[in-house]
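So you know, we letter chains A, B, ... as the sequences are listed, proteins then strands, and number each from 1. Keep in mind that this is a model prediction, so the values were computed, not measured.
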Protein chains: 2
Amino acid sequence: MMTIKDVAKKAGVSVATVSRVINESGYVNIDTRKKVEAAIKEMNYTPNEVARSLYKRKSKLIGLLLPDITNPFFPQLARGIEDRMQEHGYRIIFGNSDENEEKELDYIQTFIQNNVIGMISSTNFPEKDIYSNLKIPVVFLDRTSNDSPSVYADGRKGGRIAAQEIIARGSSKITVMQGPAHIKPAQDRFQGAIEVLDEMGITYHVIQTSSFSHTEAEQWAVELFDKYIDTDGVIASNDIVATAVIHEAHRLGKRVPQDLQIIGFDDIPLSSLLSPSLSTIRQPAHDMGREAAGLLIKLIEQDKVEDKIIQLPVSFVERETTRSIE
Amino acid sequence: MMTIKDVAKKAGVSVATVSRVINESGYVNIDTRKKVEAAIKEMNYTPNEVARSLYKRKSKLIGLLLPDITNPFFPQLARGIEDRMQEHGYRIIFGNSDENEEKELDYIQTFIQNNVIGMISSTNFPEKDIYSNLKIPVVFLDRTSNDSPSVYADGRKGGRIAAQEIIARGSSKITVMQGPAHIKPAQDRFQGAIEVLDEMGITYHVIQTSSFSHTEAEQWAVELFDKYIDTDGVIASNDIVATAVIHEAHRLGKRVPQDLQIIGFDDIPLSSLLSPSLSTIRQPAHDMGREAAGLLIKLIEQDKVEDKIIQLPVSFVERETTRSIE
DNA sequence: GTAATACATGTAACCGGTTACACATTGGGG
DNA sequence: CCCCAATGTGTAACCGGTTACATGTATTAC
């Protein structure tokens, strides 16, 4: 391994000078700088980030905690984060929490042990002491905690829009799928939807779903039609479940959207490719990631940040699982 | 921050002794150990991995390079890797290469600067010097290079099976979608498929696709029917494109699988939820990830490894986009 | 012409661990 | 009873950078 000493020797200067050249700090004579730069290039030297990190007590690594990248919504967040972090020279240590507190703690632990300079977390436990005791900035993504820095989409509004649209397009026997109880944004959506339903005096049914997993999505869809076969409008808890509902409706010979309208949530990339393509409430996932990264960078690089809470708008994406407005 | 010195002071011993306790190395009196452990617990001390990494010249981090986690196949690999690595106490620094050599080099660079102890890469450039000059073990995942450690599925076989199945189920005007030219496994599939088609003397058409992106998938599907409207069997380059083909067929009023059979590739989680659900060639993605992680761990922990090249089997998953066998 | 300041560079301490080595002390074998 | 091996613990060097501080020279100000 090449070290700063080797470079110093080759350039005939001290390590301090080499360090100054690398970091563009302090005074360095122009000719000395040239010599050092030549040596660096020739030896193909790059500084050991670990040594730097040890002295500075902070690395260029940020910790990213997501529930499960296997759920297509999260890779989009991750890409948004990565793209932005990349531009600023930060890299990502990544972990899936599976919504499991223990795994989460474990990852936070290693993030700290590795001197991460900041953290982005999509957690169900933002109130935990671990977070408030952290000495590094944390941004909560897709989740919130009182006035901690957070980036999220307006779930309640999304739920409201979903309900409004499906009603406006003529569904009256509506079933709302309620996402996992421990996942805040899922509850926000649900609340938003039933709020509107209640306001408009429309009766509805509720199907509880306890996870967002692909494997179970099918079961909820089966249960849905098992219980409420004559439902003519489904507000799904996310696009995966919505996809399963389309599938099941199809299997039962129901025509979508003529007999049954379906609205999803998230707008994952595949939604537009489904048959029929899925009408859904879009969360700007990639942007949410970018914003979260941007916010974290601000928190890292300057201490004062005005807008610590960023709420991004959701929007209704009209596709083929809803009818034209009447 | 808590350091080993603080612990040493509290326990009334030297840092060396604390270190011995932590690492269970050397001799430590049972009572001393108890004292130290008590101090560690009380102060809630965890060692700084950066300092360790600096001295040992290796961390507990592994570098993971994937083309794009936004493509649902890769998160499955990543989960497989993470799950296994987690069990062994290794953590992941992650990067998306976008199949771009420069980004890739850049990430490899930072992996090294952070003393990663090994690397898993899904790259199109396994032959590059960077890889052969690396002093740390590398496992190529979903890609291969002569006799470097690799884990991949049998793409050619997959292509063959796809062709055999679609022919056996009665398609005769087959269109094969050829994946991006620079992606090896995509070409393997394609080769496998046309091999069988040629062997059986069946004429076929080819649609070139230059990416696996969601946004472009729709275009290939449109192009497909634009050029070959009477095709009755499509071998898609992956499940995303296959989904787009179902969508387009649906739009054109073609009945799947009666008028048109479609076989995808990958078996991403959503495939089973599509309408109709997608018949596809399954790659055991999660297992591939696990195997890659297992192989890397072996390479790290013992120098000698017998089976450095692991090929996993693909299988035909019969669903609703193919007809029953005749 | 001299003091103050800017420029240039090197020496060594430091970051928080690990471990080689030195220095006990203890116990068993002969 | 003596010697050597096993046990137990501390001191200090080391990993590869960064930076405070010291030192020295060249400018500039007055």
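- The distance from atom CD of E49(B) to atom P of dG17(C) is 10 Å, rounded to the nearest whole Å.
- Nearest heavy atoms, S150(A) versus S145(A): OG-N, 4.1 Å.
- Between N114(A) atom CG and dC15(C) atom C1' there is a gap of 15 Å when expressed in whole angstrom units.
- Ion pairing between K34(B) and E37(B) fails under the 4.0 Å rule for side-chain N and carboxylate O.
- When distances run from any side-chain atom of K56(A) to the nucleotides dG16(C), dT19(D), dG17(D), the shortest one goes to dT19(D).
- Under a 4.0 Å N-O distance rule, the pair R79(A)/D68(B) qualifies as a salt bridge.
- Close to dG10(D), at under 4.0 Å from its OP1 or OP2, lies a side-chain N or O of T17(B).
- dT18(D) atom C1' lies 12 Å from atom CG of L54(B), rounded to whole Å.
- Under the 6.0 Å cut-off for aromatic ring centres, F73(A) and F212(A) do not qualify, their centroids lying 6.0 Å or more apart.
- Atom NZ of K5(B) is separated from atom P of dA12(D) by 13 Å (rounded to the nearest Å).
- Remark: P of dG17(C) and CD of Q113(A) are 10 Å apart, rounded to the nearest angstrom.
- Looking at the side chain of I4(B), the nearest of the listed nucleotides dC15(D), dG17(C), dG10(C) is dG17(C).
- Of the candidates dG10(C), dC14(D), dC14(C), the closest approach to any side-chain atom of A16(A) belongs to dG10(C).
- Within the 4.0 angstrom heavy-atom criterion, base atoms lie near S19(B).
- Between the side chains of R143(B) and N124(B), a donor-acceptor pair is found at a separation under 3.5 Å.
- Here the two rings, on Y131(B) and F140(B), have centers that are under 6.0 Å apart.
- At the heavy-atom level, V50(B) lies nowhere under 4.0 Å from the strands shown.
- Counted by atom type alone, Q86(A) and Y107(B) present one or more donor-acceptor pairs between their side chains at under 3.5 Å.
- Listed by residue number, the members of residues 22-42 of chain A with any heavy atom below 4.0 angstrom from DNA chain C are Y27(A), V28(A), N29(A), T32(A).
- Rounded to an integer number of Å, the gap from CG of D6(B) to C1' of dG17(C) is 13 Å.
- In this structure, K9(B) atom NZ and dG16(C) atom P are separated by 13 Å, rounded to whole Å.
- Taking 4.0 Å as the cut-off between side-chain N and carboxylate O, K298(B) and D307(B) do not count as a salt-bridged pair.
- Here the nucleotide nearest the side chain of T3(B), chosen from dG16(D), dG17(D), dG17(C), is dG17(C).
- In this structure, CG of N48(A) is placed 6 Å from C1' of dG16(D), rounded to the nearest angstrom.
- Distances were taken from every side-chain heavy atom of Y55(B) (C-beta onward) to each of dT18(D), dG16(C), dG10(D); the shortest belongs to dG16(C).
- Side-chain proximity of R57(A) to the nucleotides dG16(C), dG17(D), dT9(D) is greatest for dG16(C).
- In the set dT19(D), dG10(D), dG16(C), dG10(D) carries the atom at the smallest distance from any side-chain atom of R20(B).
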